[in-house]
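Below is one structure, written out as structure tokens; the observations come after it.
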Number of protein chains: 2
Amino acid sequence: MLEITPLLDRTSKEPLFVQLLSYIKKQIQIEKIRPGDKLPSKRKLANHLGVSLNTVENAYQQLNAEGYVQSIPREGFFVADIDEDWFNIRPVKRKEMERKTSNKKDMYKYDFNHGKVELDQFPYSVWKRLTLESIDKQQKEVFLNGDPKGEWSLRNEIANYLFQSRGVKCSPAQIVIGAGTQYLLHLLTMMLDPSYVYAMEDPGFHRTRRVLEDKGHLIRPIPLNKNGICIDTLRASDATITYVTPSHQFPTGIIMPIKRRIELLKWANEVNGYIIEDDYDGEFRYKGKPIPSLQGLDNWDRVIYLGTFSKSLIPSIRVSYMILPEHLLGNYENKLSVYKQTVSKLHQDTLQKFMKNGHWETHLNKMRRLYRRKQEVLISSINEYLKDNFEVIGEQSGLHILLSDYRRRSEQNLIQMAKEHSVKVYPTSIYYNAPHKINEHSILIGFGGINIENIHEGVRQLSKAWLD
Amino acid sequence: MLEITPLLDRTSKEPLFVQLLSYIKKQIQIEKIRPGDKLPSKRKLANHLGVSLNTVENAYQQLNAEGYVQSIPREGFFVADIDEDWFNIRPVKRKEMERKTSNKKDMYKYDFNHGKVELDQFPYSVWKRLTLESIDKQQKEVFLNGDPKGEWSLRNEIANYLFQSRGVKCSPAQIVIGAGTQYLLHLLTMMLDPSYVYAMEDPGFHRTRRVLEDKGHLIRPIPLNKNGICIDTLRASDATITYVTPSHQFPTGIIMPIKRRIELLKWANEVNGYIIEDDYDGEFRYKGKPIPSLQGLDNWDRVIYLGTFSKSLIPSIRVSYMILPEHLLGNYENKLSVYKQTVSKLHQDTLQKFMKNGHWETHLNKMRRLYRRKQEVLISSINEYLKDNFEVIGEQSGLHILLSDYRRRSEQNLIQMAKEHSVKVYPTSIYYNAPHKINEHSILIGFGGINIENIHEGVRQLSKAWLD
DNA sequence: GGGTATTTGTCCGTATGTATG
DNA sequence: TCATACATACGGACAAATACC
């Protein structure tokens with residue numbers, strides 16, 4: 001006769017039937033109770049344990065639901081034919097994962113990170129107020145699942161802004177909102193025929209390279225000359241889609257002149273392909289006349305435009321967008337409409353209000369001024385300390401510049417020396433298609449995230465690190 | 001069998017048991033219920049009406065006290081033998097309480113959408129307050145780009161919850177947060193060797209099929225038997241990864257018993273592959289306790305667990321998560337750490353607070369209760385109107401059931417007939433690997449999004465559409 | 001082999017503690 | 001605070017299956 005004698009704790013917060021349940025489960029697992037065995041009748045067990053019939057019943061029913069036992073009316077409960085060996089396998093040892101201490105960034109006094117942006121200027125109070133309005137007024141609406149392409153009203157604001165500010169011509173219908181440029185690229189490659197061959201600027205934005213490579217594309221690296229991507233090399237390749245950053249080439253900072261832009265558009269039209277224009281920091285231009293976006297120049301609908309609020313507003317709300325040519329909208333509907341929108345509707349709603357009420361324009365102007373000041377401080381500091389030893393590259397726009405060492409010391413060397421003076425600067429070799437082959441002497445200096453007061457001293461430290 | 005089906009109004013100031021009481025009284029007065037009749041047992045009626053046992057008990061006790069019925073211990077309640085002429089019998093006019101939906105876009109009065117969830121219950125004020133706190137206290141922190149896997153503090157809360165509630169064993173380091181299950185699946189397939197061969201339940205979740213197909217995988221469809229995915233067929237295939245929904249198979253609602261779970265885990269170990277466990281609605285089980293997860297049974301770290309807050313909390317904040325086996329963490333770091341987190345940090349922070357302060361547990365309990373009530377109303381309505389013509393499948397848990405037509409009329413036919421009565425129901429054929437080959441007679445009925453007051457009438461309309 | 005007592009799962013009404021609003 | 005509702009636990013009635021004489 002099967003003995004079931006769990007230690008029941010009536011004072012425990014755990015209900016009796018749960019205690020009984022887990023006891024029996026364990027007995028089955030350690031083979032004290034074996035497949036085919038008949039469990040004691042509910043009454044007998046209840047009696048034996050001094051609990052109510054219903055308590056046992058609850059436990060038995062749950063065992064039944066989980067498949068451990070099977071009930072045969074008026075006969076009994078029988079242990080199911082499960083593989084009891086399973087539970088005697090020693091679990092793989094699990095190590096306690098400790099949280100990585102993120103003290104690394106504190107090791108540096110001056111961090112010229114690119115990618116990081118200015119956060120102090122973010123209009124917290126306005127954003128907070130609009131967020132509240134969104135939660136309050138909309139309630140249910142805001143928390144429903146919305147349009148997979150993003151809310152129409154927000155797309156409308158974006159279309160207006162882009163036309164005014166970047167010369168982009170599009171209707172809201174062409175805009176697809178998504179959580180980050182990487183994600184949008186992923187969507188884009190899915191909706192395009194896989195037979196397209198991708199090309200990228202070399203050097204170029206590494207995250208884009210990763211997205212495309214991860215999707216199984218072998219990327220044709222196209223070198224740059226002083227005006228950006230080499231059209232001749234591109235033309236000689238078998239590429240049919242090319243990813244470019246014409247406003248401020250990453251990382252070199254080259255601004256693609258209008259002539260090259262038109263050549264590029266012609267190429268796309270000839271090969272019946274596409275240009276992916278990533279305007280990741282096109283809002284920030286400090287000298288010279290603004291050059292219209294490739295998309296705005298395009299008469300053949302060959303440009304897919306990518307933009308983001310991560311640099312200009314705030315990274316953490318994760319709002320980016322892409323603009324599809326009209327003739328690709330059918331593709332989108334066919335292939336991507338099952339993919340749900342990835343940006344929080346609350347943020348979409350808040351952002352739409354933010355733009356509609358003019359806060360966006362105000363904010364953008366403010367940021368432009370601020371970054372220009374930072375950039376000026378950076379450049380003047382460099383002129384003060386590093387002028388004779390380093391060349392500044394790509395200072396016309398964006399949130400970073402390159403410093404090229406006349407002495408041609410290695411990138412890793414320069415970074416290490418800076419580190420010893422508590423200054424963090426960044427490599428450029430990783431942006432090349434074949435990093436190991438590159439002998440790179442340029443250092444990436446971002447000024448988006450660093451405090452304006454620290455720039456001058458940071459550069460002075462760099463001079464001490466690199467010149468002494 | 002005596003049918004007692006009052007229209008209960010939970011929003012009314014009148015307590016439920018009072019409503020029930022007066023309804024039964026009236027039924028006795030108009031001789032719908034006659035002397036000597038046995039009232040339904042308290043348990044049965046409670047189940048039928050979707051109310052607690054005690055609610056019925058209160059009503060019955062009051063009837064007893066007033067002399068309408070007599071209680072015979074351990075037998076039942078019997079209507080007392082009173083003079084039938086005692087009451088002035090007047091016909092009760094049944095008013096058609098037609099709630100007109102003013103929304104033009106809602107062509108359907110009754111939409112049994114699966115996927116939609118209850119939004120009225122979302123704790124707006126708490127969420128709003130926590131959102132404010134997050135914006136206020138953290139300021140810069142909250143708007144910075146964070147950990148690509150998601151904030152540690154949130155992952156910690158999720159790990160605790162999953163262990164307690166779903167038996168999932170993991171450390172926060174194994175958790176990856178992302179904007180939706182589809183996106184996480186995309187990440188997952190990227191970090192796994194492309195030579196893995198994917199299998200899915202057939203029928204199975206169509207969005208998953210799309211994600212995998214879009215990534216170029218040819219999916220092996222594995223049929224189901226009554227215990228879920230067929231292990232033999234799976235074993236005979238060349239698959240090395242299989243996607244399953246063991247808690248509540250989509251769409252059939254099968255709960256995978258322990259035996260099949262172990263077989264599945266053994267298979268994964270033998271082929272050195274993985275099981276993707278999508279626990280999309282595992283929180284919602286209506287009889288007994290929730291079934292522990294597959295992940296918790298796994299001793300060899302072959303299970304990748306997927307979960308989401310979209311069903312249980314709110315879809316629009318886009319928070320889902322996956323749990324990787326420890327030995328895959330290296331893969332993640334190598335291949336995916338360049339992919340930025342897609343969930344808004346503000347929402348992550350708010351959610352973390354929400355969970356930490358116990359609101360999550362409260363909310364989950366509330367939702368469980370609500371959905372159970374909805375499900376009970378749905379089932380009892382079906383029993384009332386459709387019992388003889390349709391079989392209910394998968395009613396143990398989740399937010400949907402299947403209705404299988406005994407007459408084997410075509411799916412499209414049934415949907416069309418329902419449409420003519422302004423009821424929207426959904427097909428199941430689309431969840432099959434080769435929909436055109438399927439002759440499907442099951443209809444998908446979701447009850448997550450429909451208002452509880454509309455369920456009964458919606459089913460009644462269905463009966464008119466399908467039976468007249 | 002047939003009748004009967006016993007055992008069984010299932011269902012029933014009841015009581016108590018606790019969460020919810 | 002208080003009414004309401006639910007989870008848990010209790011003891012007994014029923015009919016079917018089984019064991020026993």
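These figures come from a predicted structure and were not determined experimentally.
Residue Phe77(A) is in sugar-phosphate contact alone, with no base atom involved, counting any heavy-atom pair closer than 4.0 Å across all strands shown.
In this structure, Asn58(A) places its CG atom 12 Å from P of dT10(C), rounding to the nearest Å. In this entry the distance linking NZ of Lys44(A) with C1' of dA19(D) reads 12 Å, nearest Å. One atom, CG of Asn47(A), and another, P of dT8(C), lie 11 Å apart when rounded to the nearest Å. A straight line from CG of Leu45(A) to C1' of dC10(D) spans 15 Å, rounded to a whole angstrom. Distance, Tyr60(A) OH to dT8(C) P: 10 Å, rounded to whole Å. Taking atom NZ of residue Lys289(B) and atom C1' of nucleotide dC6(D), one finds them 16 Å apart after rounding to whole Å. Per the geometry, CG belonging to Leu8(A) stands 10 Å off P belonging to dA9(D), to the nearest Å. Between the CG atom of Asn64(A) and the P atom of dG9(C) there is a distance of 12 Å, rounded to whole Å.
The aromatic rings of Tyr280(B) and Phe250(B) sit perpendicular, their planes meeting at an angle over 60°, well past the 30° parallel limit. Classification of the Phe447(B)-Tyr286(B) ring pair by plane angle, with boundaries at 30° and 60°, yields tilted.
For Phe354(B) and His347(B), the gap between ring centers reaches or exceeds 6.0 Å.
The residue among Gly50(A) and Glu75(A) whose nearest nucleotide of DNA chain D is located toward the 5' end is Gly50(A). Mapping Arg74(A) and Ser52(A) onto DNA chain D via the closest heavy atom, the residue that lands nearer the 5' end is Ser52(A).
Under the 4.0 Å criterion applied to side-chain N and carboxylate O atoms, Asp349(B) and Lys353(B) are assigned as salt-bridge partners. With respect to the salt-bridge test (charged N to carboxylate O, under 4.0 angstrom), the residues Lys374(B) and Glu118(B) qualify. Under the 4.0 Å criterion applied to side-chain N and carboxylate O atoms, Arg373(B) and Glu376(B) are not assigned as salt-bridge partners.
OP1 or OP2 of dT10(C) has at least one side-chain nitrogen or oxygen of Ser71(A) nearer than 4.0 Å. Proximity of Thr55(A) to the phosphate of dC10(D): a side-chain N or O atom is located under 4.0 Å from OP1 or OP2. Side-chain nitrogen and oxygen atoms of Lys38(A) include at least one within less than 4.0 Å of the OP1 or OP2 phosphate oxygen of dT8(C). OP1 or OP2 of dC10(D) has at least one side-chain nitrogen or oxygen of Arg10(A) nearer than 4.0 Å.
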May I have the step-by-step check of side-chain hydrogen bond (donor to acceptor under 3.5 Å, both in side chains) for Gln352(B) and Gln348(B), ending in yes or no? CA-CA 6 Å; Gln352(B) 183 263 326; Gln348(B) 287 186 65; over 6 Å; no
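Closest to the side chain of Arg372(B), from the set dC6(D), dT8(D), dT8(C), is dC6(D).
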Heavy-atom contacts, protein to nucleotides 15-21 of chain C, under 4.0 Å, summarised as B (base), S (sugar-phosphate only) or - (none) per nt, yield -B---SS
